[in-house]
Engineer: 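Pasting in a structure now, in structure tokens, and then I'll have a few things to ask.
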Amino acid sequence: MPENQQGNTLAVSIVFFARARELAGCSEAMLQVPAGSNTTSLPQLILTAYPQLKTVLPSCMLSLNLDYVDQEHPQLLKAGDEVGIICPVSGG
Amino acid sequence: MADSAEVPSLQCLVEGAAFVEVLPDELDLNRYIAAVEDPTAGAIATFLGVTRDNFHGKRVVQLQYEAYVPMARKVMLDICEQAGRRWDIKRIALAHKTGDCGVGHTSVIVAVSSAHRAPALEACHWVIDELKATVPIWKKEVYEGGEVWKENAESRIAAGAAR
């Protein structure tokens, strides 16, 4: 069994930025999710692990392996995926 | 999406015509002009985003930029490639500074070259608008008496918020 998959869960990494990073208290962390989880279940999985993100998460998008998650086209999560919490951006 | 460009179906940037950087250093405009110079280009259009000293009556001390660097680069490259499909341009450079950006300092540079001026000017305008809407970079405004993470009015992130 792959190192980052044990039993019925698999591990993805979460990266936090800006306000989400300040609220979570870290810039990256591992998150164990049930095997078979997809991007639709990500917001709830993140909130369960980081309830302090409750105020910002509704206005954030998520990214999966450097692409914005399109919630109309759910994708299955796999071990080692990188999920980004993308608060409303303010570049430029 | 508001956009008046005709899109010839086979138009795109040649390989290597897009130059993208996200870096903690002071941005040098000449570097990005050099990146888009081309013997066939009669026009080079540039845009610089510069930290100003005030926002809604508050005096700004500095801006601090944070980036999801690998994703920012990817989205910036995609923006450049989209511009190459929408306008007849030769080369394009797009750079963003991370870290502190004091008043008067440049946070973002766009440079576009084309044979004639209209495509370069239009593409340059579109690119900075698109960057402000979609690139995963955040600015924290430090002003007298506090600091706050900004959200661009252009940001399409809130529009597609996670449920």
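Chain letters run A, B, ... following the sequence lines, proteins first, then strands; residues in each count from 1. Keep in mind that this is a model prediction, so the values were computed, not measured. In what follows, every heavy atom counts, from backbone to side chain, and hydrogens, waters and symmetry copies are set aside.
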Engineer: Checking heavy atoms, do the side chain of B/K150, its backbone, both or neither come under 4.5 Å from chain A?
Structural biologist: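 Contact with chain A: backbone and side chain both.
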Engineer: Ignoring hydrogens and geometry, is there a side-chain-to-backbone donor-acceptor pair from B/Y68 to A/I85 under 3.5 Å?
Structural biologist: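 No; judged by distance alone, with no hydrogens or angles, the pair does not exist.
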Engineer: Would you say B/F47 ends up clustered with B/V112 if hydrophobic residues are merged whenever their side chains have heavy atoms under 4.5 Å apart, either directly or through other cluster members?
Structural biologist: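 Shared cluster, yes.
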Engineer: With a 4.5 Å cut-off on heavy-atom pairs, point out which of A/S63, A/G84, A/S27 contacts chain B the most.
Structural biologist: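 Result: the option with the highest number of such pairs is A/S63.
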Engineer: Any idea which heavy atoms bring B/V108 and A/G92 closest together, and the distance?
Structural biologist: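 In this case the closest contact between B/V108 and A/G92 is CG1-CA, 3.7 Å.
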Engineer: If hydrophobic clusters are built by linking Ile, Leu, Val, Met, Phe, Trp and Tyr wherever their side-chain heavy atoms come under 4.5 Å apart, do B/F55 and B/V103 end up in the same one?
Structural biologist: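 No.
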Engineer: Would you say A/L45 and A/V69 are hydrophobically clustered, going by side-chain heavy atoms of ILVMFWY under 4.5 Å?
Structural biologist: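 Yes, A/L45 and A/V69 fall within the same hydrophobic cluster.
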Engineer: Through direct or indirect side-chain contacts below 4.5 angstrom among Ile, Leu, Val, Met, Phe, Trp and Tyr, which residues connect to B/I109?
Structural biologist: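 Same cluster as B/I109: B/F19, B/L23, B/L27, B/L29, B/Y32, B/I33, B/V36, B/I44, B/L48, B/V50.
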Engineer: How many angstroms lie between atom CG of A/D67 and atom CG of B/D78, to the nearest 0.5 angstrom?
Structural biologist: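 The CG atom of B/D78 is 9.0 Å from CG of A/D67, to the nearest 0.5 Å.
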Engineer: B/A67 versus chain A, heavy atoms under 4.5 Å apart: side chain, backbone, both or neither?
Structural biologist: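 When you check distances to chain A, only backbone atoms of B/A67 fall under 4.5 Å.
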Engineer: For A/E22, which atoms come within 4.5 Å of any heavy atom of chain B: side chain, backbone, both, or neither?
Structural biologist: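 Side chain only.
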Engineer: Can you tell me how far CD of B/E151 sits from OG of A/S90, rounded to the nearest 0.5 angstrom?
Structural biologist: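 It comes to 7.5 Å.
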Engineer: Under the 3.5 angstrom rule, does the side chain of B/E66 hit a backbone N or O of A/A18 as a donor-acceptor pair?
Structural biologist: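 Looks like yes, one N/O pair under 3.5 Å.
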Engineer: Would a hydrophobic clustering, with Ile, Leu, Val, Met, Phe, Trp and Tyr connected at side-chain separations under 4.5 Å, put B/L121 with B/V110?
Structural biologist: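 B/L121 does not cluster with B/V110.
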Engineer: Under the side chain to side chain contact (heavy atoms under 4.5 Å, CB included) criterion, do B/E154 and A/V89 qualify, and how do the steps go?
Structural biologist: CA-CA 9 Å; B/E154 304 90 329; A/V89 300; over 6 Å; no
Engineer: Check the hydrophobic clustering (I, L, V, M, F, W, Y; side-chain heavy atoms under 4.5 Å; chains of links allowed) and say if A/Y50 and A/L47 are grouped together.
Structural biologist: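 The answer is yes; both residues are in one hydrophobic cluster.
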Engineer: Give me each pair satisfying salt bridge (Lys or Arg N to Asp or Glu O under 4.0 Å) with a member in residues 23-40 of chain B, each pair once, sequence neighbours excluded.
Structural biologist: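 Matches after skipping sequence neighbours: B/E21-B/R31.
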Engineer: Is B/K132 close to chain A through its backbone or its side chain, or both, or neither, when contacts mean heavy atoms under 4.5 Å?
Structural biologist: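 Backbone plus side chain of B/K132, per the 4.5 Å heavy-atom cut-off to chain A.
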Engineer: Step through the shown structure and confirm whether more than 12 heavy atoms of other residues, nucleotides or ligands are within 6.0 Å of CD on A/Q52.
Structural biologist: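 More than 12 heavy atoms, drawn from other residues, nucleotides or ligands, come within 6.0 Å of this atom.
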Engineer: Which atoms of B/W149 are under 4.5 Å from chain A, going by heavy atoms: the side chain, the backbone, both sets, or neither?
Structural biologist: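 The answer is the side chain of B/W149.
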Engineer: List the atom of B/S155, the atom of A/P88, and the distance in Å for their closest heavy-atom pair.
Structural biologist: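 Nearest heavy atoms, B/S155 then A/P88: OG-CA, 3.8 Å.
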Engineer: Main chain of A/G91, side chain of B/H96: is a donor-acceptor contact present, judged purely on distance under 3.5 Å?
Structural biologist: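 Flag not set: sc B/H96 to bb A/G91 has no pair under 3.5 Å.
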Engineer: Backbone N or O of A/C87 within a donor-acceptor pair of the B/W138 side chain at under 3.5 Å?
Structural biologist: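 Yes, because the side chain of B/W138 sits within donor-acceptor range (under 3.5 Å) of the backbone of A/C87.
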Engineer: Distance check, rounded to the nearest 0.5 Å: A/Y68 atom OH versus B/K74 atom NZ?
Structural biologist: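 Between A/Y68 OH and B/K74 NZ, I get 11.5 Å after rounding to 0.5 Å.
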